[in-house]
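So the structure is just underneath, and the comments pick up after that.
Keep in mind it's a predicted model, so treat the numbers as computed, not measured.
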Amino acid sequence: MTPQTDVRFMTLALSLGRRGIGRVWPNPAVGCVIVRDGGIVGRGWTADGGRPHAETRALAQAGSAAKGATVYVTLEPCAHHGQTPACAQALIDAGVARVVVATGDPDRRVAGRGIGMLRNAGISVDLGLCDTEARRDHAGFLSRVTNNRPFVTLKMAGTLDGRIATASGESQWITGPDARRDVHMMRARHDAVMIGAGTVRADDPSLTVRGLGITRQPVRVVISQALNIPAQCQLAQTASEVPVWLCHGKGADVGAWTALGAVSLPCATTAGQVDPLAVLARLADQGITRVFCEGGAGLAASLLHAGAVDALVIYTAGAAIGAEGMPMLAAMGIERLQDAPRFVQASIRSVGSDIRHIWTRV
């Protein structure tokens, strides 16, 4: 294989893996392509729910043609026997000749062992092709394993002057239908959607993905120290249909919500508020790898202040409200510019009549 050919097949494996983003937690969204004599004989990506793994699906498609083939996989094949046999062993048993791996798996059960198994079996292994792209695609999984928290995307929508509502609280709709549809697409690519109690009380949202034909919905996470939210809201009333997880202080009365099917996750509090880092750690413990935060000004500020935002998605509408409107962010206590959280622009594009900016953490 030439270097250009290797890149072409790994690029395909990456695109296959992305099909699983938001659908395979707690596992990574891996893609796999098996090539023999220059032609693709098998391909696969992590199935919904995390199993079967990408390698298993690709090997099943390739059958006996996998013998002597080259395998392109976006993450180091697993080395441990869990609910399914190790993918590294499956590749060995299939008799493949070469495995090209985009990036390593830091999970202590793998962490080089998968590559070691392959090499010990006489299989040629190349590591690091398209590493940057693979680490971007696996950012949620890598963050959960190495930082004990999911990758966090904070979404905000406001006017040209940075307001998210009028003085009376009216906010529906600042942005147009195209931007709202774009938000639904982003929800679908995350394991969980997170908001605070204030947003539940103000908007009574459902937080589901709608209009895209999506059947596997993200977990809906509500952060509230005292859980002073009426159980008549949409989230509570649909908790038996689409998961609702409550991140709350230890004294909160969760009985009405759990009776409707919600899951209680007590979290540590700081200064009378639920600690955002404690919330993210609890979510990571539950297997969540990617969180899409659609909370209000207070939750957004607390996440930014805690250094827990990995990507910012900001929709700007061509409207102005003025100083009496509600600001996009609550007070963060920043007095020096050098202490402000910093991001670099990843993209900017028009979405209908609005503008979408995506920023990534420095």
Side-chain angles (χ1 to χ4, degrees), residues 18-19 21-23 25 29 139-140 150-160 162-166 169-223 233-235 238 242-245 283 288-301 303-304 308-319 321 326-329 343 345-361:
R18 292 180 195 122
R19 297 184 181 188
I21 292 178
R23 306 172 65 86
W25 64 275
F151 183 94
V152 176
T153 302
L154 173 61
K155 185 272 292 184
M156 295 184 287
T159 59
L160 293 169
R163 305 291 155 170
I164 61 173
T166 64
E170 182 183 356
S171 63
Q172 295 180 335
W173 297 98
I174 284 178
T175 54
D178 291 321
R180 296 197 293 274
R181 179 178 174 82
D182 198 57
V183 168
H184 281 267
M185 295 176 67
M186 289 202 168
R187 284 180 186 172
R189 294 179 60 79
H190 288 76
D191 308 343
V193 179
M194 184 169 71
I195 60 173
T199 300
V200 179
R201 289 191 293 265
D203 299 337
D204 190 19
S206 68
L207 298 183
T208 53
V209 178
R210 301 183 296 279
L212 301 178
I214 298 295
T215 56
R216 185 177 175 87
Q217 294 284 345
V219 174
R220 300 172 296 174
V221 178
V222 178
I223 301 178
C233 69
Q234 290 193 72
L235 289 172
T238 59
V242 178
V244 173
W245 293 359
L283 296 181
I288 297 296
T289 68
R290 292 168 58 86
V291 171
F292 191 57
C293 179
E294 298 189 53
L299 180 56
L303 288 168
L304 285 166
V309 176
D310 300 293
L312 274 172
V313 178
I314 300 178
Y315 295 89
T316 303
I321 291 177
M326 297 176 63
M328 192 173 286
L329 288 173
F343 296 81
Q345 190 178 92
S347 69
I348 179 171
R349 57 164 289 195
S350 296
V351 181
S353 60
D354 305 308
I355 304 245
R356 187 190 75 187
H357 306 251
I358 297 181
W359 302 76
T360 56
R361 187 168 62 167

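A distance-only check finds no donor-acceptor pair linking the side chain of Q345 to the backbone of W359 [under 3.5 Å]. One N or O on the side chain of R220 and one on the backbone of V242 form a donor-acceptor pair closer than 3.5 Å. Between the R181 side chain and the R210 main chain, no donor and acceptor come within less than 3.5 Å of each other. T199 places no side-chain N or O within 3.5 Å of a backbone atom of I195 that could act as its donor or acceptor partner.
Considering only residues two or more places apart in sequence or on other chains, T175 meets the side chain to side chain contact (heavy atoms under 4.5 Å, CB included) condition with A157, A179, R180, Y315, A317, D354. A165 pairs by the side chain to side chain contact (heavy atoms under 4.5 Å, CB included) definition with S171, M326, not counting sequence neighbours.
Two residues are said to be in side-chain contact when any heavy atoms from C-beta on lie closer than 4.5 Å; C293 and K155 fail this criterion. Between V209 and P218 the shortest side-chain heavy-atom distance falls below 4.5 Å. The side-chain heavy atoms of V219 and V193, taken from C-beta on, include no pair separated by under 4.5 Å. Taking the side chain as every heavy atom from C-beta outward, V313 and M186 approach each other to under 4.5 Å. A heavy-atom distance below 4.5 Å is found between the side chains of M156 and L154. Within the 4.5 Å cutoff, the side chain of L304 has heavy atoms near those of the F343 side chain. Side-chain contact check for L312 versus I358: every heavy-atom pair is 4.5 Å or farther apart. Residues V221 and L283 are in side-chain contact: their nearest non-hydrogen atoms beyond the backbone lie under 4.5 Å apart.
If you take CG on D204 and CD on Q234, they are separated by 4.5 Å, rounding to the nearest 0.5 Å. Rounded to the nearest 0.5 Å, atoms CE (M185) and NE2 (H190) are 13.0 Å apart. Taken to the nearest 0.5 Å, the OG1 atom of T159 stands 6.5 Å off from the CE atom of M328.
S206 and L235 get closest at one heavy-atom pair: O-CD2, 3.6 Å. What you find for A346 and T360 is that their closest heavy atoms are CB-CG2, 4.1 Å. Listed here is the closest heavy atom pair of L329 and A300: CD2-CB, 3.6 Å. The heavy-atom pair separating R187 from T208 by the smallest distance is NH1-O, 2.7 Å. The two residues V183 and E294 come nearest to each other via the heavy atoms CG1-OE1, 3.7 Å. F151 and G140 get closest at one heavy-atom pair: CB-CA, 3.6 Å.
Classification of the W245-W25 ring pair by plane angle, with boundaries at 30° and 60°, yields perpendicular.
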Subject >> Stepwise salt bridge (charged side-chain N to carboxylate O under 4.0 Å, His left out) test for D191 and R290 >> reply: CA-CA 5 Å; D191 308 343; R290 292 168 58 86; 5.4 Å; no
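With hydrogens and angles left out, the side-chain atoms of S350 and R356 include no donor and acceptor closer than 3.5 Å.
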